[in-house]
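In what follows, a structure is listed as structure tokens, so that the remarks can point back to it.
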Amino acid sequence: MRELNYQPNTLARSLQGKQTKMIGVIMPSITNPFFAELVAAIEDKLEADGYKMLLCDAGQDSDKERRYLRMLEAQPGRRDHRGFAQPGD
């Protein structure tokens, strides 16, 4: 498999009920230097642990943030909600 440069299909893995190793991150604004730096640090840590990051920029819009949450919750595959944090928590 290594010789053929095989890459597992994340969608196919999720349809089988296996972990996708993907983490959704919703940020209020990626143009803010603080959040941009935070996103970079999160991505570095996730990548080091074998995860991929799906970044969602809510743009300071709470309705958009809720839509992103619904979208992420609707994704197939196993879920692990260990890291839920919301503004104001």
The complete set of side chain to side chain donor-acceptor pair (under 3.5 Å) pairs with one or both residues in residues 31-41, sequence neighbours excluded, reads Ser29-Thr31
Should Val39 and Met53 be marked as a side chain to side chain contact (heavy atoms under 4.5 Å, CB included) after you check the CA-CA gap, both sets of side-chain angles, and the distance that decides it? CA-CA 9 Å; Val39 164; Met53 181 176 73; 3.6 Å; yes
To the nearest 0.5 Å, what is the distance between [atom1] on [X] and [atom2] on [Y]?
X: Ser62; Y: Arg67; atom1: OG; atom2: CZ; value: 9.5 Å
X: Leu72; Y: Ile23; atom1: CG; atom2: CD1; value: 10.5 Å
X: Ile30; Y: Asp57; atom1: CD1; atom2: CG; value: 4.5 Å
X: Ile42; Y: Phe35; atom1: CD1; atom2: CZ; value: 10.0 Å

Any side-chain heavy atom of Glu65 sitting closer than 4.5 Å to one from Pro28? no
If you define the side chain from C-beta out and look only at heavy atoms, does anything of Leu55 sit under 4.5 Å from Met27? yes
Gly50 and Lys21 have their tightest heavy-atom pair at O-CE, 3.4 Å
Show your working on side chain to side chain contact (heavy atoms under 4.5 Å, CB included) between Leu54 and Val25 and close with a plain yes or no. CA-CA 6 Å; Leu54 176 62; Val25 177; over 6 Å; no
What residue pairs, at least two apart or across chains, pass salt bridge (charged side-chain N to carboxylate O under 4.0 Å, His left out) with a residue in residues 38-48? Lys45-Asp49
